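Small disclaimer: the values here were computed from a predicted structure and weren't measured. Quick note: residue numbers are just sequence positions, from 1.
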Amino acid sequence: MASISFRHVWKKYAGNTVAVRDFNAEVVDKEFLVLVGPSGCGKSTTLRMLAGLEEISEGEIAIGDRVVNNVAPKDRDVAMVFQSYALYPHMTVYENMAFGLRLRKTPKNIIDQRVREAAKSLGIEHLLERRPRQLSGGQRQRVAVGRAIVREPAVFLMDEPLSNLDAKLRVEARSFISKLHQRLGTTFVYVTHDQVEAMTMGTRICVMSAGEIQQIDSPFNLYHNPRNIFVAGFIGSPSMNFFDATMKESDGKVSVDTANFSLPLPGKKSDLYRGMSGKRVTLGIRPEDIHDGEFQPAGISPAHIEANVDVVEQMGNEMILYLEDGGKSFIARTDPRTRAHVGNRMSVALNMDNVHIFDADTQLSLAYDLKEKNTTTKQLA
């Protein structure tokens, strides 16, 4: 078992190309950390530096108390599951799972015990004599995981291991890997571009963009307290709606004015943003916080606006509406009983309790920024 420390880690390539920029993170023992972000954000490069498959340009990586910058991959006590699974086609499942142990000259009886125990735990003991070409995608994925398990590493590294599976198998595999983490009690670092995988599997998530950490937090906090516009827009599907706006204050009441409508902020939110009149901001609201005015939930602080219906998607348990007002398009996730028709104009209710407000220039969340400033003030006091 091991913790992991990234200390000011950089990865630079020839021509001043920076793949990873000043990466600082602590992964505690037995944690399941997910690195997530769009293609090219540096997440796989970070994982490969941890595995020893990429050299570190600057900084340090430590596994436990040992700095591993100059330690060979085979000596880092990590096991990696690749996107392609990287199974040897000429070997049986048993031979693939045993291969790493044989290279380490592990006694045959221990190899046999570990392979059969791992195969049983993964439900593939009946496949041990088959070759990879005789397996389904889900079975190959389990063999690749089994090959990592038998080594009993301190850290498991997984680089988009589910991307080659179909939608149904991905759901099953997510649950399988999460249960595996709980059973083994080992540190996992997992890379994906799929935010659904990240949200459902990680104890913490590191959101990356352009080689930099945008936010490391629990799935709940990433969703409900995003640090900036990038995180807010990346986490959640359909993604958050954004409106250019200006803060207004009149008669002690605070509102957010867009080009098309003025939205009053309720109670505590109004108090939070007092004194910011005239400030240019970006208003963010998630599709599930925009309701059909007829079926709005009880207990919310609604602001009603009118919008044109462009597209209707009936999903069975919900309805997705693509709306437009004054040239601005946005998405609502509404009650399935909503009677919306393309071309109609309808009333929608915005839940103002859950809106997010970002600085238009820095793109940082004003609420997150105020929270950090208050924490720093308390620490100094």
Side-chain angles (χ1 to χ4, degrees), residues 199 204-205 207 214-236 238-307 325 328 330-335 347-381:
M199 293 291 284
R204 278 197 309 156
I205 301 171
V207 181
Q214 301 298 310
Q215 186 174 349
I216 302 180
D217 222 323
S218 67
F220 182 90
N221 281 336
L222 280 178
Y223 193 82
H224 294 284
N225 302 296
R227 182 174 178 268
N228 57 34
I229 288 177
F230 178 84
V231 175
F234 189 82
I235 299 295
S239 63
M240 185 181 288
N241 300 292
F242 297 107
F243 303 86
D244 294 331
T246 305
M247 302 297 293
K248 299 290 184 182
E249 189 170 343
S250 178
D251 298 327
K253 296 180 180 178
V254 179
S255 62
V256 185
D257 277 17
T258 73
N260 303 315
F261 41 77
S262 180
L263 305 171
L265 294 176
K268 290 183 179 179
K269 257 193 172 20
S270 181
D271 295 337
L272 182 65
Y273 298 111
R274 202 172 299 283
M276 295 185 182
S277 184
K279 184 175 183 62
R280 291 190 314 110
V281 297
T282 298
L283 174 71
I285 183 164
R286 295 200 181 276
E288 56 268 35
D289 288 317
I290 303 178
H291 307 278
D292 177 355
E294 187 178 352
F295 297 107
Q296 68 185 45
I300 69 169
S301 302
H304 293 269
I305 64 171
E306 298 281 324
D325 183 56
K328 174 64 180 177
F330 55 101
I331 300 174
R333 176 182 274 163
T334 65
D335 190 287
S347 171
V348 293
L350 281 62
N351 182 4
M352 299 304 293
D353 294 316
N354 292 342
V355 296
H356 301 264
I357 300 176
F358 304 91
D359 188 298
D361 297 319
T362 66
Q363 299 198 339
L364 293 174
S365 164
L366 294 181
Y368 195 97
D369 196 33
L370 289 169
K371 181 181 177 182
E372 283 191 336
K373 287 179 180 177
N374 289 337
T375 301
T376 301
T377 301
K378 288 178 182 178
Q379 289 173 344
L380 292 174

How close do [X] and [Y] get, heavy atom to heavy atom, and via which atoms?
X    : Y    : value
S347 : E306 : CB-OE2, 3.5 Å
S262 : S255 : OG-OG, 3.7 Å
D359 : D361 : OD1-N, 2.7 Å
A349 : P302 : CB-CB, 4.0 Å
G284 : M240 : CA-SD, 3.6 Å
N260 : D325 : ND2-O, 2.9 Å

Query raised in the report: Hey, are R274 and D271 close enough for a salt bridge, meaning a charged N less than 4.0 Å from a carboxylate O?
Result: yes
Query raised in the report: Out of R227, R204, Q215, which one pairs with L222 under the side chain to side chain contact (heavy atoms under 4.5 Å, CB included) rule?
Result: Q215
Requested in this report: Verify side-chain contact (heavy atoms from CB on, under 4.5 Å) between M247 and I357, making sure each step is shown before the conclusion.
Outcome: CA-CA 10 Å; M247 302 297 293; I357 300 176; 4.1 Å; yes
Close side-chain approach of [X] to [Y], heavy-atom, < 4.5 Å:
X    : Y    : answer
F243 : I285 : yes
S365 : H356 : no
D217 : N225 : no
K279 : L366 : yes

Query raised in the report: Taking K253 for the side chain and L265 for the main chain, is one N or O donor matched with an acceptor at less than 3.5 Å?
Result: no
Query raised in the report: Passes side-chain contact (heavy atoms from CB on, under 4.5 Å), V254 versus L272? Steps please.
Result: CA-CA 9 Å; V254 179; L272 182 65; over 6 Å; no
If I take atom [atom1] from residue [X] and atom [atom2] from residue [Y], how far apart are they, to the nearest 0.5 angstrom?
X    : Y    : atom1 : atom2 : result
N228 : Q214 : CG    : CD    : 5.0 Å
F230 : L364 : CZ    : CG    : 14.0 Å
L350 : N241 : CG    : CG    : 8.5 Å
F330 : I305 : CZ    : CD1   : 4.0 Å
N354 : I290 : CG    : CD1   : 11.5 Å

Show me, pair by pair, the donor-acceptor contacts under 3.5 angstrom made by side chains of residues 291-301, not counting sequence neighbours?
from : atom 1 : to   : atom 2 : distance (Å)
H291 : NE2    : E288 : O      : 3.4
D292 : OD1    : E294 : N      : 3.0
D292 : OD2    : T338 : OG1    : 3.3
E294 : OE1    : R339 : NH2    : 3.0
E294 : OE2    : R339 : NH2    : 2.6
Q296 : OE1    : H304 : NE2    : 3.3
S301 : OG     : D353 : OD1    : 3.0
S301 : OG     : D353 : OD2    : 3.2

**Report entry** side-chain contact (heavy atoms from CB on, under 4.5 Å) assessment of M352 paired with K269
**Finding:** CA-CA 9 Å; M352 299 304 293; K269 257 193 172 20; 6.0 Å; no
Query - Mutual orientation of the aromatic rings belonging to F220 and H224 [parallel < 30°, tilted 30-60°, perpendicular > 60°] - result: tilted
Query raised in the report: Is atom CG of D244 surrounded by more than 12 heavy atoms (other residues, nucleotides or ligands) closer than 6.0 Å?
Result: no
Report task. Could you walk me through whether V355 and D289 pass side-chain contact (heavy atoms from CB on, under 4.5 Å), step by step? Result -> CA-CA 8 Å; V355 296; D289 288 317; over 6 Å; no
